[in-house]
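See below for the structure under consideration.
Throughout, a chain's letter reflects where its sequence line sits, starting with A, and its residues are numbered from 1. Scope of the values below: all heavy atoms of this structure, side chains included, with no hydrogens, waters or symmetry mates.
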Amino acid sequence: MKDVDVKDLFADHEPLLGQKLSVSGWIRTVRNSKNVGFIELNDGTYFGNLQVVLPGELPGRDEIGALPISTGVTIEGELVASPKEGQPFELRAEVVRVEAPSSSEFPLQKKRHTFEYLRTIAHLRPRGNTFSAVFRLRSLLAFAIHEFFRERGFVYVHTPILTASDCEGSGELFRVSTLDMENLPRDEAGAVDYAQNLLGKDAYLTVSGQLEVETYCMAFKRVYTFGPTFRAENSNTSRHACEFWMIEPEIAFAGLPEDMQLAEDMLKSIVGYVREHASAELDFFNRFIDKGLLQRLDTLLDASFECVTYTDAVAILEKADRKFEFPVAWGKDLQSEHERYLTEEYFKSPVFVVDYPKEIKAFYMRMNDDERTVSAMDLLVPGVGEIIGGSAREERLDVLQQRIDETGMDMSDYWWYLDLRKYGGVRHAGFGMGFERALMYVTGMDNIRDVIPFPRTPQHVEF
RNA sequence: UCCCCAGUAGCUCAGUUGGUUAGAGCAUCUGACUGUUAAUCAGAGGGUCGUUGGUUCGAGUCCAACCUGGGGAGCCA
């Protein structure tokens with residue numbers, strides 16, 4: 001008796017027709033009547049279900065036909081061509097062995113549930129169609145990203161999750177401490193004595209691996225980091241979480257044009273990868289979650305990305321025949337509504353906005369010759385808005401020091417970052433992409449809480 | 001953090017101008033059923049109407065505060 005995965009049956013079932021097979025999985029639904037019954041079996045290896053026929057003469061069919069959803073079973077039988085529409089093949093059961101019983105109390109029913117309700121049972125939701133597809137795709141997308149960089153000779157760097165510095169001087173941090181909160185140690189001046197923290201100083205969860213990955217860029221030329229990052233912002237939106245994953249590549253001997261090309265290539269590559277390897281899931285999303293999904297993904301694959309300077313973008317927005325809730329003015333950051341107008345209505349295509357005023361961007365971004373703007377880029381895509389943000393990095397030591405001074409940061413915290421500029425600190429550039437934002441883009445899911453297995457948001461750390 | 005909306009059965013919702021014993025579909029249970037596709041048909045059980053207080057002869061319905069969830073904004077990835 002051959003054990004098979006449902007995935008392999010859907011890949012090529014022809015050679016197995018007529019054979020005796022054994023399949024193990026969980027019951028999704030059961031339909032039973034006087035003369036025949038059916039089980040929809042999902043074994044987790046494939047998005048779709050295997051239809052199992054319970055023939056009239058099957059011993060114990062009444063009990064089998066009454067098994068509740070999510071019962072774990074092993075079924076032996078013969079694989080046959082299906083006489084009815086709906087599936088090309090089915091398993092004609094001869095033995096149904098219950099491996100682990102379930103109960104009629106199982107909360108997932110054969111009906112639509114709201115995502116809000118399913119979030120309250122995050123430990124069970126991967127057993128339903130939508131979340132089965134989301135989290136299979138999440139895994140695949142992560143692989144596609146690694147594959148893209150590996151093919152191009154990038155070194156994957158594990159940047160630290162515990163850090164002592166706040167990378168960009170922006171964003172609230174989660175403090176990491178072993179100090180006794182009820183009885184904090186004090187120094188002579190009465191301040192908290194962080195030297196007694198296990199790490200020896202005040203420490204935090206990382207908000208970005210960029211500064212650390214830059215150091216490896218100066219050794220390996222092409223590097224990337226891909227891991228969890230943390231923000232303690234009290235953001236209550238469908239696009240923010242306290243814990244999320246970020247992809248941050250960094251390339252040496254390169255400037256903004258190469259950076260933009262890399263971003264475009266990466267996005268097209270990973271979309272193309274899931275398009276090719278997750279058609280069952282994408283078809284499902286296109287049907288039930290976001291009707292324009294496949295068209296949007298295919299458009300992205302064919303599009304040549306547009307590029308516009310921040311200054312020109314502001315001019316376009318000022319001339320737009322459209323009333324914005326927030327006014328447009330040079331020197332102010334673009335609002336969500338502005339970004340959406342540019343990518344969805346004006347360009348109708350993914351578009352890079354480049355050369356932002358230095359005041360609204362981070363200290364490490366490379367100063368342009370006009371000394372008003374920095375060599376930065378944001379990639380805006382229809383449906384999501386900003387999906388990637390990046391820049392050329394300031395490699396000139398004196399300019400970088402001046403920017404650190406201007407932004408009121410403590411130079412001594414960045415001694416190692418400044419060191420890079422002293423020893424062969426060549427020009428380089430990189431970007432960051434929120435992994436969940438990318439996943440939302442390829443699934444059409446519109447809440448970040450529904451693309452993270454156990455989402456962490458303000459007031460939420462259940463499970 | 002700010003603005004808006006919502007909270008009624010296990011789930012998704014209806015509930016008129018404040019008025020008798022609060023309804024439906026799905027789920028559950030019982031039975032029926034010639035191959036079903038979220039199967040179908042018949043019947044049954046299931047409720048402190050988010051919480052607290054208030055107005056009223058009378059509150060699911062009106063008012064206030066709080067709690068929870070959602071949408072939008074800001075911040076950003």
task: Compute the centroid of each ring, for A:Y341 and then for A:F324, and state whether the two points are separated by less than 6.0 Å.
output: yes
Q: Using the P atoms only, state how far B:U68 lies from B:C62, rounded to an integer number of Å.
A: 23 Å
* Asked: Given the rule in the salt bridge (charged side-chain N to carboxylate O under 4.0 Å, His left out) test, do A:E40 and A:K110 qualify, once you have shown the distances and angles that lead to the verdict?
  -> CA-CA 11 Å; A:E40 296 280 334; A:K110 352 182 227 186; over 6 Å; no
Tell me whether A:F244 is stacked on the nucleobase of B:A77, counting only the six-membered base ring and applying the 5.5 Å and 30° thresholds. yes
Using a 4.0 Å heavy-atom cut-off, does A:I387 contact any base of the nucleic acid, only the sugar-phosphate backbone, or nothing at all?
sugar-phosphate
P-based separation of B:A64 from B:A6 [nearest Å] = 13 Å
Residue set satisfying ring pair (Phe, Tyr, Trp, His ring centres under 6.0 Å) with A:F431, at least two apart, ordered chain then number -> none
From NE2 of A:H460 across to P of B:U68 the rounded distance in Å is 8 Å
Atom CG of A:L108 and atom P of B:A38 are separated, to the nearest Å, by 17 Å
Between B:U56 and B:C63, how far is it from one P atom to the other, in whole Å? 16 Å
Under 4.0 Å, heavy atoms only, any strand: does A:N32 hit a base, just the sugar-phosphate, or nothing? base
The Watson-Crick or G-U wobble partner of B:A73, with both key distances under 3.5 Å, is B:U1
Taken to the nearest whole Å, CG/A:L58 to P/B:G35 is 17 Å
Quiz item: Judged by modelled atom types alone, do A:Q210 and A:Y364 share a side-chain donor-acceptor pair under 3.5 Å?
Solution: yes
Taking atom types as modelled and ignoring hydrogens, do the side chains of A:R231 and A:T229 form a donor-acceptor contact shorter than 3.5 angstrom?
no
B:U17 -> Watson-Crick or G-U wobble partner, both distances under 3.5 Å, gives none
Rounded to whole Å, the CZ-C1' distance (A:R31 to B:C33) equals 15 Å
Requested in this report: Determine, for A:R340 against A:E345, whether the closest basic-nitrogen to carboxylate-oxygen distance falls under 4.0 angstrom.
Outcome: no
Checklist line | Under-4.0 Å side-chain N/O to phosphate OP1/OP2 contact, A:R340 with B:A73 | finding: yes
Output for pair (A:R366 CZ, A:D355 CG), nearest 0.5 Å, gives 11.5 Å
Paired to B:G7 by Watson-Crick or G-U wobble criteria (both distances under 3.5 Å) is B:C67
Residue pairs passing the salt bridge (Lys or Arg N to Asp or Glu O under 4.0 Å) test with at least one member in residues 65-90 of chain A, sequence neighbours excluded, are A:E76-A:R97
Across every strand shown, the nucleotide meeting Watson-Crick or G-U wobble geometry with B:C41 (both distances under 3.5 Å) is B:G31
### Query
Charged N to carboxylate O below 4.0 Å: is that the case for A:R239 and A:D446?
no
Per atom distances to the A:S104 side chain, the nearest of B:A77, B:C29, B:C11 is B:C29
Whichever of A:E243 and A:E337 has the more 5' nearest nucleotide on RNA chain B, that residue is A:E337
Under a 3.5 Å limit on both distances, the Watson-Crick or wobble mate of B:G47 is none
I'd like to know if A:H240 reaches the base of B:C76 with its side chain, counting only an N/O donor and acceptor under 3.5 Å. yes
Taken to the nearest whole Å, CZ/A:F226 to P/B:A77 is 16 Å
Per atom distances to the A:Q51 side chain, the nearest of B:A77, B:C76, B:U36 is B:U36
A:D450 atom CG is separated from B:G71 atom C1', nearest whole Å, by 14 Å
Checklist line | Salt bridge present between A:E344 and A:K348 (N-O < 4.0 angstrom) | finding: no
When both distances are under 3.5 Å in a Watson-Crick or G-U wobble arrangement, the nucleotide paired with B:U36 is none
| task | Report the relative orientation of the aromatic rings in A:H158 and A:Y156; use parallel for angles under 30°, tilted for 30 to 60°, perpendicular for over 60°. | result | perpendicular
Residues of residues 124-145 of chain A with a heavy atom under 4.0 Å from any atom of RNA chain B, listed by number, are none
With the criterion being N/O to N/O and under 3.5 Å, what pairs connect the protein with nucleotides 1-10 of chain B, and how long is each?
residue, atom, partner, partner atom, Å
B:U1, OP1, A:N234, ND2, 2.6
B:U1, O4, A:N234, O, 3.4
B:U1, O4, A:N236, N, 3.3
B:U1, O4, A:N236, ND2, 2.9
B:G10, N2, A:Q109, OE1, 3.0
B:G10, N2, A:Q109, NE2, 3.0
B:G10, N3, A:Q109, NE2, 3.4

- Query: Heavy atoms under 4.0 Å, any strand shown: does A:F326 hit a base, just sugar-phosphate, or nothing?
  - Reply: sugar-phosphate
When you compare the side chains of A:D378 and A:Y356, does any donor N or O come within less than 3.5 Å of an acceptor on the partner? yes
Give a yes-or-no answer on whether the side chains of A:S70 and A:S102 include a donor-acceptor pair shorter than 3.5 Å. no
### Query
Should the ring pair A:Y414 and A:Y417 be called parallel, tilted or perpendicular, given that the plane angle runs from 0 to 90° and is split at 30 and 60?
perpendicular
The correct set of residues in residues 256-270 of chain A placing a heavy atom under 4.0 Å from RNA chain B is none
What residues 77-101 of chain A contributes to the RNA chain B interface at heavy-atom separation below 4.0 Å is A:S82, A:P83, A:K84, A:E85, A:Q87, A:E90, A:R92
message: Counting the atoms with a prime plus P, OP1 and OP2 as sugar-phosphate, which does A:T120 contact under 4.0 Å by heavy atoms, base, sugar-phosphate, or nothing?
response: nothing
Mind checking whether A:F463 and A:F454 have parallel, tilted or perpendicular rings, split at 30° and 60°? tilted
Rounded to whole Å, the CG-P distance (A:L50 to B:U36) equals 18 Å
Separation of B:C26 atom P from A:E105 atom CD, nearest Å, is 20 Å
Assess A:R175 against A:Y204: is NZ or CZ under 6.0 Å from the centre of the six-membered ring, and within 45 degrees of the ring's axis?
-> no
Review point. Contact class for A:T229 vs. all strands (heavy atom < 4.0 Å): base, sugar-phosphate, or nothing?
Key: nothing
Regarding B:C75, can its base be found pairing with the side chain of A:R239 as donor and acceptor, where the two atoms are less than 3.5 Å apart? no
